[in-house]
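Okay, structure first, notes after.
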Amino acid sequence: MKEMKRRRKPKGRIGKPNRRDLIKVADKLVSEIVRNRDGNKCQRCGRPGNNAHHIFSRKYLQVRHNPSNLILLCWACHRHVAHGEPEKFRDFIIQRIGQSAFDRLKVSAYMTGCKVDMEMVIVGLRAEIT
């Protein structure tokens with residue numbers, strides 16, 4: 001017996017959106033919210049900012065699209081401080097948002113076992129923009 005070849009679905013498929021595509025949409029929406037909230041200025045040095053930095057990594061879907069988990073930075077602060085000196089940057093974040101807010105984000109980030117409904121996240125982010 002010949003094995004049947006698996007057919008790939010066409011890229012323009014109709015139906016439920018791909019989770020990866022939903023995450024990309026939510027990433028763009030939360031980035032827009034953070035840029036508007038922070039006035040397009042680096043929250044560390046005051047220069048024009050264009051990098052929405054996640055306080056807790058994007059891998060933590062529980063807080064990936066929470067605007068409280070992002071801060072707008074210029075390229076230099078994002079590259080050299082946020083990623084280059086993480087302890088110094090953590091201290092800056094705690095000073096900026098407070099220890100209790102930082103701890104709440106941390107608890108939310110490390111929660112496991114809950115699947116994030118990306119369609120509801122997008123609905124919430126769109127509501128926050130308008």
Measure the CG-NZ distance between Asp117 and Lys115 for me, rounded to the nearest 0.5 Å.
-> 9.0 Å

To the nearest 0.5 Å, what is the distance between CZ (Arg126) and CG (Leu29)?
-> 5.5 Å

Pair Glu32 + Arg35: basic N to acidic O under 4.0 Å = no

Contacts under 3.5 angstrom, residues 72-82 side chains, donor-acceptor by atom type, not counting sequence neighbours:
unit_1: His78; atom_1: ND1; unit_2: Asn51; atom_2: OD1; d: 3.4
unit_1: His78; atom_1: NE2; unit_2: His53; atom_2: ND1; d: 3.2
unit_1: His78; atom_1: NE2; unit_2: His83; atom_2: NE2; d: 3.3

Test side-chain hydrogen bond (donor to acceptor under 3.5 Å, both in side chains) applied to Gln99 - qualifying residues, sequence neighbours left out | Asp103

Please confirm whether the backbone N or O of Val63 pairs with a side-chain atom of Asn69, one donor and one acceptor, at under 3.5 Å?
-> yes

Please confirm whether the backbone N or O of Arg104 pairs with a side-chain atom of Ser108, one donor and one acceptor, at under 3.5 Å?
-> yes

Looking only at atom types and distance, does a side-chain atom of Gln95 sit under 3.5 Å from a main-chain N or O of Arg90, one as donor and one as acceptor?
-> no

Using modelled atom types only, decide if a donor and an acceptor are shared between the side chain of Asn40 and the backbone of Gly49 within a distance under 3.5 Å.
-> no

Within-4.5 Å side-chain heavy-atom neighbours: Phe89 and Ile71 | yes

Atom CZ in Arg96, atom CD in Gln43: separation rounded to 0.5 Å?
-> 4.5 Å

Would you call the rings of Phe56 and Tyr60 parallel, tilted or perpendicular, where under 30° means parallel and over 60° means perpendicular?
-> perpendicular

Any donor-acceptor pair under 3.5 Å linking the side chain of Glu128 with the backbone of Ile33?
-> no

